[in-house]
Amino acid sequence: MAGAQPIASIHVRGSSFLLPTPSPCLPLPSLDALLAAAIDAAAGPFHLRAVHAALIRLGLDSSSFLVNKLLRRLSHYRVPLHPYPLLIFSLVPRPNPFLWTALIRSAALFSSCRPDHHPLRLYSLMRRRWPPSPPLSFTFSALLKSAAADYSLANGLQIHSQSISTGGFDADLFVQNTLISMYVECSDLASARKVFDGMSLRDAISWTSLIVAYTKIGDLSSAEGLFDRSFVKDVVAWTAMITGYVQNAMPKEALASFERMRQAGVVIDEVALVGTISAIAQLGATKRALWIRDIVDKTGFGQNVVVGSAMVDMYAKCGLIDEARRVFDEMMDRNVYTYSAMVVGLAAHGRAYEAIDLFNEMAGRTNVEPNHVTFIGVLTACSHSGMVEEGRFYFRTMKNEYGIVPSPDHYACMADLLGRAGLIEEALELVRSMPMKPHGGVWGALLGACRIHGKTDIARIAANHLFELEPDGIGNYVLLSNIYASAGMWDEVSKVRKLMRARGLKKNPSASWTEGKDGAVHEFFAGDNCHPRTREIKDALEELLRMLKLEGYKPILSSVVYDVNDDEKENLLKGHSEKLALAYGWLTTTFGDTIRITKNLRICEDCHLVMRLASRAANREIVVRDNMRFHHFRDGECSCGEFW
DNA sequence: TAGATACCGT
C-alpha cells in the first residue's frame, strides 16, 4: 500500500474536510480520538456544526469529553453562548465537572449579554442538579475571572468562600493567583495582599499580579520593592514595571527599566515594546523614537498591529508627523487604533485636510469602523482650522450614522470649534443643552474661546463653573484674569487675583523638556537653576532676547498675572520653562537644525511670540508640543496660524 | 483523552 489514505472525511458544501491519517505502525486511534482531532482541526463554526452533526449520528453527542472540546472551539470563534453552545451542552445528560467548567468559561465571555446565563448562575445549577458535580480548581479560576470582569467584589467574595468550603481550593496556586487579580480588579488591595502573604508557594504570576496592583494605585515604590524582592523576573514582570511607570507619567523610569531588562538578557516581546514605545511618546523624545525603531525592526514585531499603532502615536507625539505617516502607510494590517492614532496625530499637527481625508478613506474604503476616539481626531482637526460646517457635519454623522453617543470630550471639541469661530453664544447654548454634566474640558474650551474673542460676560460664566470643578486649576484663573486685563477691567483682574490668593494657589509647576544631540533629555522648570549649564543658558537667553528686541519684540506682560511691577513681570517671563529649553536648544544646535521642545502645560502667548521670532532670527526650525497641540515655527511663522 | 492565572496601542 502506497502511503496511508485518509480514513474518514466530512463534506461541507462541496469542500471535503479530511480527518487525520493514522500511522500504519500504530494501532488505529479510537473514534473519540479521531473526532477530537477533527474538532481541533475545524476551520470555523461551520465545520464545528458539521462535526457536531456527526457526533449525533454516531451517538456520541452525550460525551462530555467531545462536547467540552466543541464548546472551547466555539468560544474561540466567539460564538455567543446562546443558543447553540447551550443546546450542545443540554444534550449531555450527565455533564462531568470538566464540561460544567467549560460552560462557565464560555458564559464568562458573554456574561454581559445574558444575565440568566451568568457564570454564577450556571455554577449554582452545577451544584444543585442531580447528580451534583463537584467543582474543580479550574471552575474557580473561571468564576473569579468573571467576577473580576464584572468588577463585582460581592461575587468575588462569594466565590472565594465557596472555594474554601468546597474543598480547600484556596490553597491552589492557580486559584490564589486568580484571587489576587480579582481583588486587584475590584480595588481591594488589602485582600489581594492578604492572599499573597498567605501563599506557601508563589510564582512569577503571583508577584506580577501584586506588582500591577501597586502600580495601579500609583504606589511605585511598593511595586519596585516587590519587583526587587521577586526572584522570578520574566519579560511580563519587567513589562508590568515599564507600563506601571508609563501609567504614572514616569517615562524616564520606564526607559531605564527597559534598558535594565535588556542588560539582564531577557528576551523582549511585543508587549514590552509597546510599553516602551508609549514611554517615548510620553517623553516626546525624538532620538529615542528613532532608536526604538531599530530595536523593533530587529525583533521583527514591526508588522504587529499593536506595535505599529503605538509607533504611529509615538512619532506623532514626538513631532515627527511625516515619520508617523510613513509607518502608517507601510503597515499591512490597520485597525481602528491605527487609524485613530493617525487621525488624532494629524489633527494635533494642524493638518486638518489630511486628517479628514484619512477619515473618509477609512470610512469609505476599509472595513474599519470609526469609534469615539476617531471622531475626537476629526472634530479636533475641524476646530484647529476653523472648519465649522464640516465639524457640525461630522458631529451629526457620528451620532446618526455610527450611533456613537457624544461624550463630554466630543462636546468640548464642538465648544472649541464654535467658540474659536466666534460663535460663542451658540457654543454656550450647546454646552447648556448637554445631556450630561459638562466637565472642565468643556468649560475650558469655552473660556479659551472667550480669550480669543474678548467675551468677558461668557468668560465669567465658564470660569465660575471651572472654579467649582477644578478649584486648583490655576490656568483657569490666569486665563480669566488675562481676559479681563485685555478688556481693561482692572477691578475684575484684582478680584481674580484675590481669589487666587485666598485659595492659596501657587505658581504653576510648569516644565519643559528638550533633547540633546546625544539623546539625553534635559528638563527645565519655571524659574529653575538646576541645570548644570544654567549660567550659559541664562546668558544665551539674554542674548537671544536682545536680538529679538532689535526686531521689535516686546514682552507680553499680560501673560503674567502676579501683582508685581513690569520689570519683575519681564523677569518672570524669562524664567518660563520653554524659554530655558529654547535657549539650551539654541546653544547646542547650529543653523538649520530643529529644536524640539515638549511642555506639560499650554504655551503662553509671550513664549509663542518668542518662538516665532526666534525661528527666523536664529534660523532654526522650532517644534513645540504643548498639552494642546503642536506648533511648528519656521521663518517667523507658526503652523497654527495664530489660531490656538 | 480534557481544563486555568500576570504585562500592550488611539
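Within every chain, numbering begins at 1; the chains are lettered A, B, ... in the order of the sequence lines, protein sequences first and strands thereafter.
Partners of A/F227 under the ring-ring contact (aromatic ring centres under 6.0 Å, His included) rule, at least two apart in sequence or in another chain, are A/W238. For the side chain to side chain contact (heavy atoms under 4.5 Å, CB included) test, residues two or more places apart in sequence or in another chain that qualify with A/N335 are A/V305, A/S309, A/Y337, A/T338. Among residues two or more places apart in sequence or in another chain, the side chain to side chain contact (heavy atoms under 4.5 Å, CB included) test is passed with A/M628 by A/R602, A/D626. For A/S62, the side chain to side chain contact (heavy atoms under 4.5 Å, CB included) criterion is met by A/P93, not counting sequence neighbours. Judged as a salt bridge (Lys or Arg N to Asp or Glu O under 4.0 Å), and not counting sequence neighbours, the contacts of A/D40 are A/K69. Among residues two or more places apart in sequence or in another chain, the salt bridge (Lys or Arg N to Asp or Glu O under 4.0 Å) test is passed with A/K216 by A/E185.
Sorted by first and then second residue, the salt bridge (Lys or Arg N to Asp or Glu O under 4.0 Å) pairs involving residues 257-280 of chain A (not counting sequence neighbours) are A/E259-A/R262, A/E259-A/R288. Within the structure, every pair that satisfies the salt bridge (Lys or Arg N to Asp or Glu O under 4.0 Å) test and touches residues 345-356 of chain A, not counting sequence neighbours, is listed here: A/D322-A/R351, A/R325-A/E354, A/R351-A/E354.
For the residue pair A/Q162/A/Y123, the side-chain donor-acceptor check at 3.5 Å is satisfied.
The residue A/N96 sits close to a base: some heavy atom pair falls under 4.0 Å. Counting any heavy atom pair closer than 4.0 Å across all strands shown, A/V305 reaches a base atom. At a threshold of 4.0 angstrom between heavy atoms, the contacts of A/S278 are confined to the sugar-phosphate backbone, with no base atom among them. No engagement by A/D32 is indicated, since no non-hydrogen atom pair under 4.0 Å with the nucleic acid exists.
Of all the residues in residues 188-215 of chain A, A/I205, A/T208, A/S209, A/V212 reach under 4.0 Å from DNA chain B with at least one non-hydrogen atom. Within residues 242-265 of chain A, the residues approaching DNA chain B are A/T243, A/Q247, by heavy-atom distance under 4.0 Å.
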Please set out all donor-acceptor pairs under 3.5 angstrom arising from side-chain atoms of residues 247-254 of chain A, sequence neighbours excluded.
unit_1, atom_1, unit_2, atom_2, d
A/N248, ND2, A/T215, O, 3.0
A/N248, ND2, A/G244, O, 2.8

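Along DNA chain B, the stretch of nucleotides lying under 4.0 Å from any heavy atom of chain A spans, 5' to 3', B/dT1 to B/dT10.
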